[in-house]
Novice: 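Supplied in structure tokens, the structure appears directly below.
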Amino acid sequence: MKNRNIIVDYLARVEGEGSLFIKIRDGAISDVKLKIMEPPRFFEALLRGRACTEAPDITARICGICPVAYQMSAVHALEDACQLKVEGQLRALRRLLYCGEWIESHTLHVYMLHAPDFLGYSSAWQMAQDYPDIVKRGLQMKKAGNAVIEFLGGRAVHPVNVRVGGFYKLATRSEFAPLVEQLGRGRDAALETVRWVAQLPFPDFQRDYEFVALSHPDEYAMNEGRLCSNKGLNIAVQDYDDYFIEEQVPYSNALQSRIKGRGAYFTGPMARYNLNFARLSPLAQEAACAAGLEESCQNPFQSIIVRSVEILYAFDEALRIIEEYDMPVQASLPFQPRAATGYACTEAPRGTLYHRYSIDDEGIILNARIVPPTSQNQKTIEQDLRYYVAQVIHLPEQELTWKCEQAIRNYDPCLSCSTHFLKVHIEHES
Amino acid sequence: MVSDAKPKLAVWKFTSCDGCQLSLLDCEEELLPLAKEVEIANFREASRAVIKGPYALSLVEGSVTTAEEVERIQHIRSVSKRVVTIGACATAGGIQALRNFKDVQEFSALVYASPQYIETLSTSTPIAQHITVDFELQGCPINKRQLLEVITAYLHDIKPTIPAYSVCVECKQRGTICVMVAHGTPCLGPVTHAGCGALCPAYNRGCYGCYGPKETPNLVSLSRQCRHMGMSTDQIRRELQTFNAYAEPFRRESLSYEK
């Protein structure tokens, strides 16, 4: 049976609707298509004519799993347009909010979406029948991440406290106390998580990727930095459109990104880890090394370890920010809209999230552009599958299909964001 | 008849952000006990396993925006004893229903270079416009406590207790000073369905209506008050045209401000 098609009609355990189609001809892969079927919602179009102050609440609705990322990229881009710089404790609180989202989103992926693949379960609750304490540990960590977002933002999904210029309301220092205890326990659990995922079986698979992420001289970049890669890219986010291009492919509702003149690239935890290892906290660095990772990692299946290291870092960083917190006088800085274009990239859990807005003197949005991480990774995922399927092509259909799904889940793709996904079709032509 | 088989729960996704389904996974304390009481038979975001219907309860997230979704919702109704819509998309069409006020071709051309590849309907519509729905749980996003209440109630074949009064009642319950009266901040609380716990006023901002209309809302009176407070007609229109723009009371009032 040299020719066949592998078809997954609805990829499970990813956020959104998508499918995979692989065509095998004469025993070799002739076509791989990752289709994102998530119906379009036209956010860039519906933002036109809205006040810039509405953008954080509207763009949050692009994704229920990473709404903070959309709020962060939106406020930074609009502040860039209005020449407003939010610094000091307000900046630190935004970073804290982002830590909460990294914890919540990464833990969801590590424990509920990705780990079941390595251990052969269809879901976290099935896995919980054999590993109840492990799944409960994951749920407690996720709860701690959500607690940060709820505390700062009012609720875990689509928080209400973020605005252009800062926040609507600030907490006093003493109000953070219960959170500190919960985050301390979370950090311990995160350390155990890194040790646990390091034991999982990983296929021998690596490629020479171009990793792209924000890089900042003083911190593990979340909200700010230059856009860098391991192959020499080093640009201001304002130059994004000069270096990256989004293309439409007929089979998908998500646009695919590539670096002009170079091609596919890889964004997300793996990229951040490879570019910014030196800026992780000592605790996170030690845990990564003890888990057997080096300062660079090219095996996307090991993204589950990298993601766990980032969870540990986010707990550590959240505790540091709270420790140093000093309540600012003003919850938000006043600003005057002006006719201009503003740009921002921030690091969403799944990778770099680019927003660009042009506004008029009244602060009304004239046009908007949003490039989510999953559309940036889409091409790299397809390329991974080409190489990976060749390694596992001997497997029976069901197993092969599951392996393909796992290779896609390495990227924690979010199809709601990239319009949204997952069916797998493997076609063997005969 | 007493059966040992656990009731089957299904979660379905239509056009949405996945946030309301996520609310179920956000029930960190309750998820594993729930999985013992019911068979989670279809929940693609969280499980590869798909168990055939019929289902005791189907939770539907998202609005209908494609021809495929028009057909799929009929099938879901036919294999479900109870259908509950979760969230503003499923209940009111969501933010993507802003296309209902505009030309969808124009929207598509703004986002996609080759809009001919994009299959989408010209409208985003609530589930109840297509099938009979047993209960609509409002909110963008829904409240996970209310979600658990709905699941528990239907699995015991009783009606869920979800108050349909306004956000104002919740402000009074939590002791939040009225932002409209005390600070002169325009607020949709008086016309908005309770359920969030009156979050925005507690964070010093006016309610922005993400839970959609309460029962018998007086939009005319509220928008008159907002104009008194200095809001322009365009601001009022935008305020009403967000996540529940296509919910009838919000839609009607906002259209009276269309240029």
Side-chain angles (χ1 to χ4, degrees), chain A residues 10 12-17 38-46 48 50-51 54 57-58 61-65 67 108 112-113 116 122-126 128 132 135-136 139-140 142-143 146 154-158 160-161 163 168-169 247-248 250-251 253 255 331 367 402 405 414 416 420 422, chain B residues 13-23 25-26 28-29 31-32 35 40 43-50 62 65-66 69 94-96 98-99 102 104 106-114 117-120 124 140-141 143-144 196-197 199-200 202-205 208 210 235 238 242-243:
Chain A
Y10 196 131
R13 296 212 314 274
V14 298
E15 293 100 6
E17 281 179 82
E38 182 75 21
R41 285 179 294 155
F42 307 114
F43 274 91
E44 287 145 311
L46 61 86
R48 290 188 174 204
R50 310 295 302 209
E54 299 174 74
D57 292 321
I58 291 177
R61 268 67 184 187
I62 292 174
C63 182
I65 296 107
L108 171 74
M112 308 190 79
L113 310 185
S122 59
S123 66
W125 45 90
Q126 198 199 17
V135 175
K136 280 179 196 158
L139 287 167
Q140 288 308 314
K142 184 167 159 309
K143 191 176 180 180
N146 277 336
R155 63 185 170 200
V157 180
H158 308 327
V160 302
N161 196 19
R163 69 190 298 181
Y168 287 93
K169 190 184 180 188
E247 290 171 319
Q248 194 180 358
Y251 54 82
N253 288 350
L255 302 170
N367 68 64
W402 194 334
E405 290 183 39
C414 181
S416 299
H420 227 80
L422 266 156
Chain B
K13 179 186 156 58
F14 286 71
T15 304
S16 66
C17 80
D18 284 43
C20 290
Q21 304 184 50
L22 181 68
S23 301
L25 298 179
D26 278 350
E28 288 98 357
E29 303 290 342
L31 186 65
L32 296 180
I40 303 176
F43 189 3
R44 295 309 252 287
E45 182 169 281
S47 177
R48 288 186 92 232
V50 176
T65 69
T66 66
E69 288 178 335
I95 182 93
Q96 58 274 18
L98 288 178
R99 76 178 67 181
K102 297 266 162 88
V104 76
E106 194 184 308
F107 265 35
S108 192
L110 282 172
V111 179
Y112 297 97
S114 307
Y117 296 140
I118 302 301
E119 286 172 21
T120 186
S124 168
C140 180
N143 175 325
K144 67 180 187 183
C196 65
L199 279 180
C200 286
Y203 279 81
N204 295 338
R205 66 182 290 197
Y208 62 89
C210 68
Q235 278 173 323
R238 286 203 307 265
T242 61
F243 317 105

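What's counted below: heavy atoms across the whole structure, side chains too, no hydrogens, waters or symmetry copies. In what follows, chains are A, B, ... by sequence order, proteins preceding strands, each numbered from 1.
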Novice: Please look at B:Glu69 and chain A and tell me whether the side chain, the backbone, both or neither of the residue comes under 4.5 angstrom of a heavy atom of that chain.
Specialist: side chain

Novice: Can you tell me how far apart CG (B:Asp18) and CD1 (A:Ile62) are? Round to the nearest 0.5 Å.
Specialist: 13.0 Å

Novice: Heavy-atom distances under 4.5 Å only: say whether A:Gln126 touches chain B with side chain, backbone, both or neither.
Specialist: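 It is neither, since no heavy atom gets under 4.5 Å.
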
Novice: Quick check against the 3.5 Å criterion: does B:Lys102 have a side-chain atom that pairs as donor or acceptor with the backbone of A:Ala45?
Specialist: no

Novice: Over all heavy atoms of both residues, which pair between B:Cys17 and A:Ile65 is shortest? Give the atoms and the distance, please.
Specialist: O-CD1, 4.4 Å

Novice: For chain B, find which of A:Glu54, A:Arg50, A:Glu44 contributes the most heavy-atom pairs closer than 4.5 angstrom.
Specialist: A:Arg50

Novice: Do B:Pro141 and A:Arg155 have side chains that approach each other closer than 4.5 Å (heavy atoms only, starting at C-beta)?
Specialist: yes

Novice: May I ask you to test the A:Asp57-B:Thr242 pair for a side-chain heavy-atom distance under 4.5 Å?
Specialist: no

Novice: Would you mind checking which part of A:Ala51 comes under 4.5 Å of any heavy atom in chain B, side chain (CB onward), backbone (N, CA, C, O), both or neither?
Specialist: both

Novice: May I ask you to decide if A:Asn161's main-chain N or O and B:Arg205's side chain share a donor-acceptor pair within less than 3.5 Å?
Specialist: no

Novice: Would you check if the side chain of A:Arg41 reaches a backbone N or O of B:Gly94 as a donor-acceptor pair within less than 3.5 Å?
Specialist: no

Novice: Could you look at B:Glu29 and say if it's the side chain, the backbone, both or neither that has a heavy atom under 4.5 Å from chain A?
Specialist: side chain

Novice: Should B:Lys144 and A:Asn146 count as side-chain neighbours, where that means a heavy-atom distance under 4.5 Å?
Specialist: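 Side chain of B:Lys144 against side chain of A:Asn146, heavy atoms only: no contact under 4.5 Å found.
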
Novice: If you define the side chain from C-beta out and look only at heavy atoms, does anything of B:Ser47 sit under 4.5 Å from A:Trp125?
Specialist: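 Counting from C-beta outward, B:Ser47 and A:Trp125 do come under 4.5 Å.
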
Novice: Counting only non-hydrogen atoms closer than 4.5 Å, does B:Leu25 touch chain A with its backbone (N, CA, C, O), its side chain (CB onward), both, or neither?
Specialist: both

Novice: Which bit of B:Phe243 comes within less than 4.5 Å of chain A, counting heavy atoms only: side chain, backbone, both or neither?
Specialist: side chain

Novice: Could you tell me which portion of A:Arg163 (side chain, backbone, both or neither) has an atom closer than 4.5 angstrom to a non-hydrogen atom of chain B?
Specialist: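 Contact with chain B is absent: no heavy atom of A:Arg163 under 4.5 Å.
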
Novice: So if I apply the side-chain hydrogen bond (donor to acceptor under 3.5 Å, both in side chains) rule between B:Glu28 and each of A:Lys143, A:Lys142, A:Lys136, which one comes out positive?
Specialist: A:Lys142

Novice: For chain B, which of A:Ala124, A:Ser122, A:Ala156, A:Pro132 has the most heavy-atom pairs under 4.5 Å?
Specialist: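 Most pairs with chain B among the choices: A:Ser122.
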
Novice: For side chain to side chain contact (heavy atoms under 4.5 Å, CB included), just list the numbers for A:Arg61 and B:Cys140, CA-CA rounded to whole Å, side-chain angles, deciding distance to a tenth of an Å, and then say yes or no.
Specialist: CA-CA 8 Å; A:Arg61 268 67 184 187; B:Cys140 180; 2.9 Å; yes

Novice: Which atoms of A:Asn367 are under 4.5 Å from chain B, going by heavy atoms: the side chain, the backbone, both sets, or neither?
Specialist: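 Contact with chain B involves no heavy atom of A:Asn367 at all.
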
Novice: Between A:Leu113 and B:Ala46, which heavy-atom pair has the shortest distance, and what is it?
Specialist: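 The answer is CD2-CA, 4.3 Å.
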
Novice: Between A:Ala128 and B:Leu32, what is the shortest heavy-atom contact and its length?
Specialist: CB-CD2, 3.7 Å

Novice: Just so I know, are the side chains of B:Arg48 and A:Trp402 near enough to count as touching, which here means a heavy-atom distance under 4.5 Å?
Specialist: yes

Novice: Pick one of side chain, backbone, both or neither for A:Glu247, based on which atoms fall under 4.5 Å of a heavy atom in chain B.
Specialist: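 It is neither, since no heavy atom gets under 4.5 Å.
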
Novice: Do the numbers put B:Arg99 on top of the ring of A:Phe42, so that NZ or CZ is under 6.0 Å from the six-membered ring centre and no more than 45° off the axis?
Specialist: no

Novice: To the nearest 0.5 Å, tell me how far A:Ile58 CD1 sits from B:Arg238 CZ.
Specialist: 9.0 Å

Novice: Kindly give the heavy-atom pair with the smallest separation between A:Pro39 and B:Thr15, and that separation in Å.
Specialist: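 Taking A:Pro39 first and B:Thr15 second, the nearest heavy atoms are CG-OG1, 3.2 Å.
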
